[in-house]
> 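Here it is: the structure, laid out below.
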Amino acid sequence: MRVLISADMEGITGVTCPADVEPGNPRWERARRFMMSDVNAAIAGFVGAGATEIVVNEAHADKRNLLLDDLDARAQAIVGAHKRLGMMQGVEEADAAAFVGYHAGAGRQGVLAHTYLASTVLEVRLNGEAASEGRMNAMLAAELGVPVVLVTGDDLTCADAAVWAANAQRVAVKECVDRYTAKCLPPVRTAQMIEEAAARGLAELGVVPKPVGPFRYEVFFDAAQPVAACSAIPCVEETGERSVAFTLPTMLTAIRCFKAVTVLAKASVEKTFG
Ligand SMILES: [Zn+2]
């Protein structure tokens, strides 16, 4: 039984502000230890439930956040940003997936809510529904026949996950007060909750229905200039002054195109001003 843990940072225990997730910041150094607590708890739970191979895929910022010398010896980690499936690298070789440290999508309430970019992307819709990173990653996993068995993050991430991973175990490690404020449980508590949930999730592993394409992404920006940048991709059309859309037959192609859209959108932004 092979498990992929996709590990983001905004939804990690105790993380509440941009400095907590900004590589190089002293607060990030501290938050990395909380990240190891959450990730290692999931590994312990999965091993206890019979997992034989566990891969942790770094899914935050430059994808170099884990403290490898503190990683549970029974797991391996994919470290580095340049990988074909991004946050979901390794899912093709997995029997189950876990999303640890996930967060709410752009434009929604939630601790450090965003979708790929901290700003610029205002909202993303996938086949007409608001799409967080968790939702799109779960749909990719489902297309590949891989069920999501565990989601951790704030309470609003868990509420979101109840829609797109209804059979997954969900652990709220903090309660959202505001985008930059949360009522936090300490790692000693959340580690136990995550370990128990991971074990339950794998024990109750089911079959996930394959989503039917095509898959239409609609991306709304906070300004007009990303539209020209993103519509350089041949399948991406301008749908409004601040929006683009594209339709592709599989989630694999659609999620990779969305990644390209975010890269171009980010490159279209110059320094803040005003
Ligand atoms: Zn992140």
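For ligands, and for the atoms within them, numbers begin at 1 and follow the listed sequence.
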> Which atom name would you report as the N, O or S atom of His60 nearest the Zn ion (ligand 1)?
ND1
> Please name the atom of Glu10, restricted to N, O or S, that is closest to the Zn ion (ligand 1).
OE1
> Of all the N, O or S atoms in Asp8, which one sits nearest to the Zn ion (ligand 1)?
OD1
> Identify the heavy atoms of Leu67 and Met36 that sit nearest to each other, and give their distance.
N-SD, 3.2 Å
> For atom CD of Glu204, decide whether the heavy atoms of other residues, nucleotides or ligands shown that lie under 6.0 angstrom number more than 12.
yes
> Applying side chain to side chain contact (heavy atoms under 4.5 Å, CB included), name anything that partners Glu123, two or more places apart in sequence or on another chain.
Arg125, Phe220
> So which atom in Val91 and which in Val146 form the shortest heavy-atom distance, rounded to 0.1 Å?
O-CG2, 3.6 Å
